[in-house]
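First the structure, in the form of structure tokens, and then the observations on it.
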Amino acid sequence: MDYIANTDLERESMLREIGVKKIMDLFHDIPKELILSTPLNIPGPFSEFELLSELHKISTQNRPTLSFLGGGNYNHYIPSTVKAITSRGEFSTAYTPYQPEISQGTLQALYEYQSMICEITGMDVSNASMYDGATSLAEAMLVATKIKGKKRVLASKAINPLYREVLKTYANVAEIEIREVDCQDGLTSDFDTEGSSAILIQNPNFFGLLEDLNTIRERAKDLLLITSTTEPLSWAMLQPFANSDVDIVTAEGQSFGNPISFGGPGLGIFAAKKVYIRQMPGRLVGETVDIQGKRGFVLTLCAREQHIRREKATSNICTNQGLCALAAAVYLVTYGENLGELARLNNQLAVYFSEQLQKIEGIDLVFNAPFFNEFIVRIDKGILLKLTDVEIGINLERYYPDLKDCYLVCCTEMTPKEIIDRVIHEIGK
Amino acid sequence: MKLVNEKSKAGSSSFPIKELDIKSNIPAGLQRTSLTVPTLPEVEVVRHYTNLSKANFGVDNGFYPLGSCTMKYNPKINEVVANRPQFSIHPLSRENRLPLKIIYELEKYLCEITGMDAFSTQPAAGAHGELTGTMIMKAYFEKRGEKRTSVIIPDSAHGTNPASVSLCGYQPVQVRSSSAGGIDLVDLRQKMDKTVVGIMITNPNTLGIFDENILEITQIIHDHGGLCYLDGANMNPMLGIVKPRDFGIDLIHLNLHKTFSTPHGGGGPGAGPLGVIKELEAFLPNPRINENLEFENSEESIGSVHPFCGNFGILLRAYAYIRAIGAAGLRKVAENAVLNANYLKEKLKKHYHLQYDRTCQHEFVIDDSLMPNGVTTHDIAKRLIDFGFHPPTIYFPLIVKGAMMIEPTETETKENLDAFIDAMKVIKEEASDDPQKVVKAPLNAPIGRLDEVRAAREPKLTWCRDEE
């Protein structure tokens, strides 16, 4: 198979027009000794049917499990509207909307996305997306140190440990010191603000628990308060971040209409207070008018960006996750105001599962603070052996050695009560 | 068109949720009292976005010669593959052999195509790959105890290059292009010394020229102990023809959403896997995948730049593409991309000024210097929309005044190229006979020319409730 459109005859006539004999004459600038004389060692070509059969064959190597894994990626139902829209070629095969007159679809959809993120979080501005939750948080850290001028930030240990790895990588080259803040009973404990630009808090935190943002805000008076969320469905149930005077909100938006897909692509959400607009990374879509005065949308404030400012840009980001932001928008509009009920259902299922698990001897709830749809239980090894086809949660010991035999368990609408009851029954056997 | 927020109607969602009779553990004080999300019945959701899509233009709609963006056809089978439910796997699941096998194999293919020894699929886009590559160069020199402070970048480079190196605390140092369009070797020799990390180069460059001095360029860098990073945005014309490693490249990122046919999504998601030579392998992001399909960490790694393995959904599409066309198909891609570009160039240079008049690779740059009546590149771009084409990349590279950078790719038919040539000819004629037609364009687009200055002067970035 190939996707070349021209015939041999056409190729010949084109070569004639160019005035060369054969295609390889067009490669004469390449030093001769560099031209490959043997074909690449790559399998194929394969027909569509062959490709799919092969994939089907290797798929059987993976045993499907019943999964209660969350911790950064969440298995939510995706309404059929989402794929129907995102698979439209007009959206999916377009480039970044540099030519607004033929990109109004992408631009308006992103403007609406920005508006929805602002409405839900209460923040003033949202960009049109970043790579994912982790790099979004890392970029917020970079922004904060530029605004405040101090090369140190505080980061709660209750931030997803994989996100903290990414933070460290970025901090290392930007020569930023990350001071980690300990946790007590699963919540970020007290901290010293001296000499820091910002404090980074995940909410709900990695343990699924709700942080006391108002108290953190009071303690962190002169610091930027930056939040990270991996399960933004929680936003539909919780007080908006603006109410706790958060400066920058970052999140992984995969929960909104994007499949788990082995951890990527995700959707980096980045929203902030108005005063930080000119320091923000990423694309921003703004409203304007055309020559007839008709409303339209364009990429704007580009003077922040690499294609204009080059080394002085606020970030190096170019390609982002436009189609994932579109998926999020369609997802949000499809559920509409019922999103609050969906969030409550997730919370109820987690409460139910945690209560049922605690009744079993050998299983304890580790922390007592309120949680959204994830919680931690300590499970005796013997019990785990019974769960051969179930992945009950993320084993936390590799990230927190103190949390031996502890699992982060996640419930969504995809693990309804009947499934929970079945698992409880299996454990009780 | 009305915004979805303006169409919203409370109580109209087609997606009711059945809550359970279980009391929440979250205190009332932490819960929100109201939630506003635009709400529409399903049919109106679908119509809203379908109508929006009609105001958009993708490769599926027509010719999209956006230079350096490689807007080739995105095969539909890639989507079928990526949407298989078997791939909806949690990244921390113990059942991860299938995705790891695919990533491992894809890394091998990319090594074979570029000549590199190892790849990491973590970078989520090209600029992310550049950043990761710069981090690796930094770690490499730190390990050697060498203090180097700058990176050489040609004046024809993409804007992400200087932005990426400055994020790592390096000073970008610009090297001039020669009158032939390649790198000025005299300038390069003058600027390269032992305080310089190396070069971040694009080859073929953004003029579409394969630098015939490439071996000398990389030699100059290596002679001073420096490293050569290749911005692989322009990999398309080299597939199966030449391996970047063979001309002295030490690190390269590939844009899977350009060369390897994954759709660009109106601005992502893409993928920017990074390849390196053996000497740099230990610095690649953690974790790596070994031949037993297990995760493995290196102590010298720069750390991770993505929580998992990068944009797996995009990796899958590229994997399907490479296997579908195979080695022979890859070479045909390069050959036909270069043939199409040269054909267009030869035809267009009869009407437009071509500053670098020589054989090109995947793209070439013409400009507006021959246009009568003050008609500019901007006007030409807008007028092309009326003819049903997406405009080329404009005003880039910066070294050509009024640049139009044109990359047709291998998937365009001769008929499409001829139609584009005709349109460009007509626009040139209009510019002299009826310039108003060009300056006022587009005339047949969903919307007229937009006021970008106003958008930036009074930024309005969200819809407000009080607009109702």
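So you know, we letter chains A, B, ... as the sequences are listed, proteins then strands, and number each from 1.
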With a 4.5 angstrom heavy-atom cut-off, which part of B:Ile447 approaches chain A: side chain, backbone, both or neither? both

Can any side-chain N or O of A:Gln114 pair as donor or acceptor with the backbone N or O of A:Val285 at less than 3.5 Å? yes

Residue B:Leu215 versus chain A: region with a heavy atom under 4.5 Å: side chain

Turns out that what part of B:Ala82 lies under 4.5 Å from chain A's heavy atoms comes down to neither

One pair to check against side-chain contact (heavy atoms from CB on, under 4.5 Å): B:Val338 and B:Glu410. What are the steps and the verdict? CA-CA 8 Å; B:Val338 172; B:Glu410 72 283 2; over 6 Å; no

Of the backbone (N, CA, C, O) and the side chain (C-beta and beyond), which part of A:Ile23 lies under 4.5 Å from a heavy atom of chain B, both, or neither? side chain

So for B:Val165, is it side chain, backbone, both, or neither that comes closer than 4.5 Å to the heavy atoms of chain A? neither

Polar side chain donor-acceptor pair, B:Asn56 to A:Arg88, under 3.5 angstrom: no

Do A:Glu311 side-chain atoms and B:Pro162 backbone N/O form a donor-acceptor pair below 3.5 Å? no

Looking only at A:Tyr163, A:Tyr98, A:Phe371, most heavy-atom pairs under 4.5 Å shared with chain B are made by A:Phe371

Count the heavy-atom pairs under 4.5 Å between each of A:Pro240, A:Ala84, A:Ala128 and chain B, then report the option with the highest count. A:Pro240

Name the region of A:Thr106, side chain, backbone, both or neither, that has any atom closer than 4.5 Å to a heavy atom of chain B. both

So which part of B:Ala328 gets closer than 4.5 Å to some heavy atom of chain A, the side chain, the backbone, both or neither? neither

Which portion of A:Glu33 sits near chain B, non-hydrogen atoms under 4.5 angstrom: side chain

Okay, B:His390 and chain A: the region with an atom under 4.5 Å from a heavy atom over there is both

Among A:Val298, A:Leu238, A:Thr334, A:Ile260, which has the most heavy-atom pairs under 4.5 Å with chain B? A:Leu238

Going by an N to O cut-off under 4.0 Å, is there a salt bridge joining B:Lys332 and B:Glu335? no

Where does B:Pro459 contact chain A at under 4.5 Å (heavy atoms): side chain, backbone, both or neither? side chain

Could you look at B:Tyr64 and say if it's the side chain, the backbone, both or neither that has a heavy atom under 4.5 Å from chain A? side chain

Only pairs of heavy atoms separated by less than 4.5 Å count here; which of A:Cys302, A:Gly19, A:Gly266, A:Pro31 has the most with chain B? A:Pro31

B:His158 and B:Phe396 aromatic ring geometry - parallel, tilted or perpendicular at 30°/60° bounds: parallel

Less than 6.0 angstrom separating the ring centers of A:Phe262 and B:Phe308, yes or no? no

Tell me whether the count of non-hydrogen atoms from other residues, nucleotides or ligands lying under 6.0 Å of NE2 in A:His28 goes above 12. yes

B:Met71 versus chain A, the contacting section by heavy-atom distance below 4.5 Å: side chain

Worked check of salt bridge (charged side-chain N to carboxylate O under 4.0 Å, His left out) between B:Lys18 and A:Glu341: CA-CA 8 Å; B:Lys18 239 187 7 215; A:Glu341 282 147 46; over 6 Å; no

What part of A:Glu305 lies closer than 4.5 angstrom to a heavy atom of chain B: side chain, backbone, both or neither? neither

Given the side-chain rings of B:His128 and A:Tyr131, with only the six-membered ring counted for Trp, is the space between their centroids under 6.0 Å? yes

For the residue pair A:Thr169 and A:Asn172, confirm or rule out a side-chain donor-acceptor distance under 3.5 Å. no

With only heavy atoms counted, which part of B:Leu66 is less than 4.5 Å from chain A, the side chain, the backbone, both or neither? side chain

Region of A:Ser87 in contact with chain B, defined by heavy-atom distances below 4.5 Å: neither

I need the B:Asp451 CG to A:Thr288 OG1 distance, nearest 0.5 Å. 4.5 Å

A:Asp2 (side chain) donor-acceptor with B:Gly329 (main chain) under 3.5 angstrom: no

Within the structure provided, determine whether B:Arg449 and A:Asp290 are in side-chain contact (heavy-atom separation under 4.5 Å). no

Under 4.5 Å from a heavy atom of chain A, the part of B:Lys138 involved: side chain

Contact class of B:Gln361 relative to chain A, heavy atoms under 4.5 angstrom: side chain

For B:Asn96, is it the side chain, the backbone, both, or neither that has a heavy atom closer than 4.5 Å to a heavy atom of chain A? both

Where does B:Ser12 contact chain A at under 4.5 Å (heavy atoms): side chain, backbone, both or neither? backbone

